[in-house]
Amino acid sequence: MRGNSFYGDGGVRLELNPTASSPLAIDVTESTEVRIQRLIFENPVVIFTRSSCCMCHVMKKLLSAIGVHPTVIELEEDEIAALPSGDDEVIPGAGDAPAVFIGRTRVGGLESLVALHLSGRLVPRLVEVGVITHAVL
């Protein structure tokens with residue numbers, strides 16, 4: 001995981017590494033799995049992605065249109081396998097990136113996020129976890 005930078009759309013991409021001088025830097029003695037779990041716990045909406053992922057960009061744009069600016073974590077290729085799968089379901093490609101978590105629960109990738117939105121369940125879920133306060137028309 002690398003240093004911090006800002007996206008043009010107002011979001012912040014966290015790239016965490018042992019040399020980061022940011023207050024967002026994390027304890028380097030933590031394992032990748034522990035860091036990922038902590039980031040999921042600390043952020044109501046988080047996207048784990050690879051560098052320059054176009055699907056992640058679409059996910060951010062969808063969430064931004066609703067009024068949510070997710071935390072985006074770029075993972076190195078060897079860290080992607082540490083991504084947890086969903087609780088009650090076997091997700092094809094679990095461990096793949098990009099993966100979005102809302103309220104500590106893995107939603108899945110781009111297709112799952114779009115399906116949640118098209119079914120009308122995304123906004124209520126975002127309201128439920130407190131990242132927006134009302135339904136967006």
Side-chain angles (χ1 to χ4, degrees):
M1 296 184 209
R2 303 182 188 116
N4 303 331
S5 62
F6 293 93
Y7 281 114
D9 62 7
V12 176
R13 181 181 75 213
L14 302 177
E15 297 175 359
L16 306 172
N17 69 22
T19 61
S21 59
S22 163
L24 298 172
I26 55 177
D27 182 359
V28 296
T29 61
E30 290 180 323
S31 69
T32 300
E33 292 82 4
V34 169
R35 281 185 274 169
I36 288 172
Q37 286 296 335
R38 187 165 47 76
L39 289 164
I40 292 168
F41 183 80
E42 292 174 350
N43 296 282
V45 181
V46 62
I47 298 172
F48 292 96
T49 186
R50 292 177 165 89
S51 178
S52 303
C53 175
C54 62
M55 292 182 290
C56 175
H57 178 74
V58 173
M59 294 167 90
K60 289 185 305 180
K61 288 296 185 185
L62 171 60
L63 290 166
S64 178
I66 296 171
V68 175
H69 298 284
T71 301
V72 179
I73 309 294
E74 272 191 21
L75 298 176
E76 301 293 333
E77 287 300 317
D78 61 333
E79 296 172 316
I80 291 171
L83 286 172
S85 61
D87 293 336
D88 298 330
E89 57 186 319
V90 176
I91 299 173
D96 283 350
V100 65
F101 289 79
I102 298 174
R104 303 179 187 159
T105 302
R106 183 179 176 135
V107 170
L110 176 60
E111 289 181 22
S112 298
L113 182 65
V114 169
L116 193 63
H117 180 58
L118 293 175
S119 71
R121 296 180 295 154
L122 178 58
V123 170
R125 190 153 184 192
L126 294 168
V127 169
E128 181 182 313
V129 301
V131 294
I132 57 176
T133 57
H134 61 283
V136 178
L137 298 175

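Just so it is clear, the structure is predicted and the values come from calculations on it, not from any experiment.
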Can you measure from CD1 (Ile80) to CD (Glu74) and round to the nearest 0.5 angstrom? 10.0 Å
Can Val127 be reached from Ile102 by stepping across I, L, V, M, F, W or Y side chains whose heavy atoms are under 4.5 Å apart? yes
Starting at CG of Leu83, measure out to CD of Glu33 and round the result to the nearest 0.5 Å. 10.0 Å
Of all heavy-atom pairs linking Pro98 and Cys56, the shortest is CG-N, 4.1 Å
I need the Ile73 CD1 to Phe101 CZ distance, nearest 0.5 Å. 11.5 Å
To the nearest 0.5 Å, what is the distance between NZ (Lys60) and CE (Met55)? 13.0 Å
Decide yes or no for Leu62 and Leu113: does some side-chain heavy atom of the first lie under 4.5 Å from some side-chain heavy atom of the second? yes
Trace of the side-chain contact (heavy atoms from CB on, under 4.5 Å) decision for Thr71 with Leu39: CA-CA 9 Å; Thr71 301; Leu39 289 164; 5.8 Å; no
Determine whether Val100 and Pro70 make a side-chain contact, defined as any pair of heavy atoms from C-beta on separated by less than 4.5 Å. no
Check: Ala99 main-chain N/O paired with Arg106 side-chain donor or acceptor under 3.5 Å: no
Does CD belonging to Glu42 count more than 12 external heavy atoms closer than 6.0 Å? yes
Taking the side chain as every heavy atom from C-beta outward, state whether Ile47 and Leu63 have any pair of such atoms under 4.5 Å apart. yes
Decide side-chain contact (heavy atoms from CB on, under 4.5 Å) for Val129 and Thr105; before the verdict, give the C-alpha distance in whole Å, the side-chain angles of both, and the deciding distance to 0.1 Å. CA-CA 11 Å; Val129 301; Thr105 302; over 6 Å; no
Shared ILVMFWY cluster between Phe41 and Phe48, side chains joined below 4.5 angstrom? no
Hydrophobic cluster identity match, Val58 and Val123, side-chain contacts under 4.5 Å: yes
Any chance you could measure Leu116, atom CG, to Arg121, atom CZ, to the nearest 0.5 Å? 5.5 Å
Once rounded to the nearest 0.5 Å, what's the spacing between atom NE2 of His117 and atom CZ of Arg125? 14.5 Å
